[in-house]
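Before any comments, here is the structure.
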Amino acid sequence: MTRSIIDPITRIEGHLRVEMEVTNGKVSEAWVSGGCFRGMELVVQDRTPEDAAQIVQRICGVCPVSHAHSSAIAGEHAYGIKISNNARIIRNLIEGAQFLHSHILWFYNLAALDYVNPLNALKADPADAYDLALAAGTSTNSDFVALKERLAKFADNGQMSIFSGAWFEADKGQAYKLDPELDLICTAHYLEALQMQAKASEVAALLGGKMPHVMTLIPGGTAWVPTEEKLDDLWALVNEIYDWVESTMIPDTLAIAPAYVDALTWGKGVGRYIAWGVFENENMEMNDRYLPAGVLDESLNLSDVEESMITEYMGHSWYKGDETYTSPYFVTEPEFTEYYKEGTDTVSDRYTWVKCPAYDGKPAEAGGLSRVLVAYKRNVPFIVEQVDAFTKALGIQLGQAQSTLGRTAVRQIETLYIAGLMKEWVQELMEAVKGGDSEYFRKPETITGSGTGFWEAPRGALYHHEDVKDGKITGYQIIIPSTWNLAPHDAQGNNGPMEEALIGVPVEDIEMPINALRTVHSFDPCTACAVHVSEPATGKSFKTVTSPWGVK
């Protein structure tokens, strides 16, 4: 048995450490540790729900819209508000823009370098790359000759800039399996993606006043009012993004996947999935959202979401006590102890700032794979059609999508779905404006109550709960997607979703465990989002916390 550690994990948001025991060339045990501590819920204490929708966005710069949205929904439930149809469409558009930004950024600029080697592209014949792109049905927007020349200058200079730090030599140089021409194509799309994710953020800024941390998404609806000029800009941007996504992301996925089919055999995880649903339909029902809510058990049987089934366990995280709290009554207090047991290299009983949530007493995965599987089981036509086509193209069954490659691949189906919906929503908004509908905001009917905002961030199931009295927040709770995925061992010793996904992953080189890194990146982790604390009962807070790496 040997020990393999990746610390820090790069190409993610936040600070993450993965420690693994490797036996006979495979991971036999894993510990996932979030090394970042933040306190957020207490910041909104005694403030208004309107303030909260702005403040909680500061949890994350990648998915701020989702936090504003979930907070606004919680406030609207507390206030007894059902938003107007125009507000629904506009909020779908701003959320969709953020999803497109995050998905494009994650696939090409964060995860792709686990599979694509830009250095290998230096061996490519640009003419053959062009022919291959046509055969694969992917886009040929870039000048492959000029790109190869740029890469050569990078290599000659010895400074690989955005392509540095990857494990291109892992597994004795055999870890990266694409032909040079496909590496050149995908490197071109990597660079195009930098522009396209910026276009998506431009949509969010147009609707939100700025991005990140939009200003127009508020309890009661939206503060954004469309004009003819803004609608023209919105229409042009949305169509440009759709055209690129449609011509690039799924074709690239299908071109890359055959070289890494072994990644369909590991990385499954706990095999249970949660999705709270995202993008409101006209009836505003969770189960009828464009990406609907649902819970899937180990046999992929579907059930509806029940808030009382959500719990959080503290016994393996750096908080006082070892209680299990039930939604929405979470009370925690930070207390760092140690990562390793004193004087040993044995991981301590408490080893992360991430809490341990569970649904019906069991760990569950959140994220793009969860949403797609739930939508498939809810018979969303586009998702069913695309998933069936994807599994047929790879010659696999649906269950094999529960893997490192499957988790990585199906998110592109969701990306195309959202890009298409964005076009529909822009058209729907234009028709509403033409028809004279000018309602964008509704005032509250009451200023006392409680509400939960079940929603989705790009990384998965997002939960905001608030108690309001006379217009002021008396209690606030948040459970972030990565809290589910990065959860430590539970009270029974069961691994969290990412820990379980790492079990059985092949490791040839413990200093460059590339397959483990691929598995981690397939979850698109965000540890800064995952770590929060509140103790509404006492109002306690903190000033200095020591991390396991000695940083104060």
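All figures in this text were calculated on a predicted structure; none of them were measured in a lab. In this chain, numbering begins with 1 at the start of the sequence shown.
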### Message
What verdict does the side-chain hydrogen bond (donor to acceptor under 3.5 Å, both in side chains) test give for Ser71 and Tyr476, after you've listed the backbone C-alpha separation in whole Å, the side-chain angles of each residue and the deciding distance to 0.1 Å?
### Response
CA-CA 10 Å; Ser71 181; Tyr476 205 99; 2.8 Å; yes

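- Tyr319 carries Lys355 over the face of its six-membered ring, with the cationic atom under 6.0 Å from the centre and within 45° of the normal.
- For the atom pair NZ of Lys172 and CD of Glu508, the computed distance is 5.5 Å after rounding to the nearest 0.5 Å.
- With hydrogens and angles left out, the side-chain atoms of Glu307 and Thr452 include a donor and acceptor closer than 3.5 Å.
- One distance of note links CH2 of Trp484 with CD1 of Ile479; it measures 6.0 Å at 0.5 Å rounding.
- Of the inter-residue distances, the one linking Ile5 atom CD1 with Glu21 atom CD reads 10.5 Å to the nearest 0.5 angstrom.
- When side chains are defined from C-beta on, Thr138 counts as touching Ile185, because their heavy atoms get closer than 4.5 Å.
- Taken from CG in Leu207 to CG in Leu217, the straight-line distance is 10.0 Å, to the nearest 0.5 Å.
- Between Met286 and Pro292, the closest side-chain pair of non-hydrogen atoms is not below 4.5 Å.
- Within the 3.5 Å criterion, the main-chain N or O of Ile383 finds no donor-acceptor partner in the side chain of Gln386.
- In Glu169, the CD atom is not crowded: 12 or fewer heavy atoms of neighbouring residues, nucleotides or ligands sit closer than 6.0 Å.
- None of Tyr376, Tyr417, Tyr290 except one satisfies the ring-ring contact (aromatic ring centres under 6.0 Å, His included) rule with Phe382; the exception is Tyr417.
- The closest side-chain heavy-atom distance from Phe279 to Arg289 is not below 4.5 Å.
- Gln98 CD to Ser102 OG: the interatomic distance, rounded to the nearest 0.5 Å, is 7.0 Å.
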### Query
Going through the distances and angles, do Glu19 and Tyr340 end up as a side chain to side chain contact (heavy atoms under 4.5 Å, CB included)?
CA-CA 11 Å; Glu19 183 161 348; Tyr340 288 122; 3.0 Å; yes

### Message
With side-chain hydrogen bond (donor to acceptor under 3.5 Å, both in side chains) as the criterion, how do Asp349 and His316 come out once you've worked through the C-alpha distance, each side chain's angles and the decisive distance to 0.1 Å?
### Response
CA-CA 6 Å; Asp349 290 340; His316 289 302; 5.2 Å; no

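- Phe454 and His464 have their aromatic ring centers separated by at least 6.0 angstrom.
- Side-chain contact check for Trp318 versus Pro334: every heavy-atom pair is 4.5 Å or farther apart.
- A donor-acceptor contact shorter than 3.5 Å is absent between the side chain of Thr248 and the backbone of Val245.
- For the pair Arg518 and Tyr115, the cation-pi criterion (under 6.0 Å, within 45° of the ring axis) is fulfilled.
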### Message
I'd like to know whether Leu416 forms a side chain to side chain contact (heavy atoms under 4.5 Å, CB included) with Ile250, so could you lay out the CA-CA distance, the side-chain angles of the two residues, the decisive distance to 0.1 Å, and finally the verdict.
### Response
CA-CA 8 Å; Leu416 181 59; Ile250 290 180; 3.7 Å; yes

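- Tyr176 is not listed as a side-chain neighbour of Asn120, based on a closest heavy-atom distance of 4.5 Å or more.
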### Message
One pair to check against side chain to side chain contact (heavy atoms under 4.5 Å, CB included): Met422 and Val203. What are the steps and the verdict?
### Response
CA-CA 10 Å; Met422 294 286 282; Val203 173; 4.1 Å; yes

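- We find that Glu338 and Arg350 are not joined by a salt bridge, their nearest charged nitrogen and carboxylate oxygen being 4.0 Å or further apart.
- Looking only at side-chain heavy atoms (C-beta outward), Pro357 and Glu312 come within less than 4.5 Å of each other.
- Sequence neighbours left out, the pairs with a member in residues 93-115 that pass salt bridge (charged side-chain N to carboxylate O under 4.0 Å, His left out) are Arg11-Asp114.
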### Message
Working note: Ile503 + Ser28, criterion side chain to side chain contact (heavy atoms under 4.5 Å, CB included); need CA distance, chi angles, decisive distance, verdict.
### Response
CA-CA 5 Å; Ile503 304 299; Ser28 54; 6.0 Å; no

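- At least one donor-acceptor pair closer than 3.5 Å links the side chain of Ser33 to the backbone N or O of Tyr351.
- The aromatic rings of His465 and Tyr463 sit parallel to each other, their planes meeting at less than 30°, with 60° as the upper class boundary.
- Here the two rings, on Trp244 and Tyr108, have centers that are under 6.0 Å apart.
- Salt-bridge formation is detected for the pair Lys177/Asp262: a Lys NZ or Arg NE/NH1/NH2 atom is positioned less than 4.0 Å from an Asp or Glu carboxylate oxygen.
- Using a 4.0 Å cut-off between charged nitrogen and carboxylate oxygen, Arg91 and Glu280 do not count as a salt-bridge pair.
- Ionic pairing of Asp524 and Arg411 is present here: one or more N-O contacts between side-chain nitrogen and carboxylate oxygen are shorter than 4.0 angstrom.
- Of all heavy-atom pairs between Pro481 and Ala366, the closest is O-CB, 4.3 Å.
- At most 12 non-hydrogen atoms from other residues, nucleotides or ligands lie less than 6.0 angstrom from CD of Glu511.
- Summarising the geometry, atom CG belonging to Leu502 is positioned 10.0 Å from atom CG belonging to Leu517; distances are rounded to the nearest 0.5 Å.
- For Asp171 (side chain) and Gly173 (main-chain N/O), no donor-acceptor pair under 3.5 Å exists by modelled atom type.
- We find that Glu365 and Arg272 are not joined by a salt bridge, their nearest charged nitrogen and carboxylate oxygen being 4.0 Å or further apart.
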### Trace of the salt bridge (Lys or Arg N to Asp or Glu O under 4.0 Å) decision for Asp304 with Lys377
CA-CA 12 Å; Asp304 293 343; Lys377 290 293 182 175; over 6 Å; no

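- Test Leu291, Val387, Val380 against Val372 for side chain to side chain contact (heavy atoms under 4.5 Å, CB included) and you get one pass: Val387.
- Shown here for Gly504 and Lys26, the closest heavy-atom pair between the two residues is O-CD, 3.7 Å.
- Between Phe99 and Cys63 the shortest side-chain heavy-atom distance does not fall below 4.5 Å.
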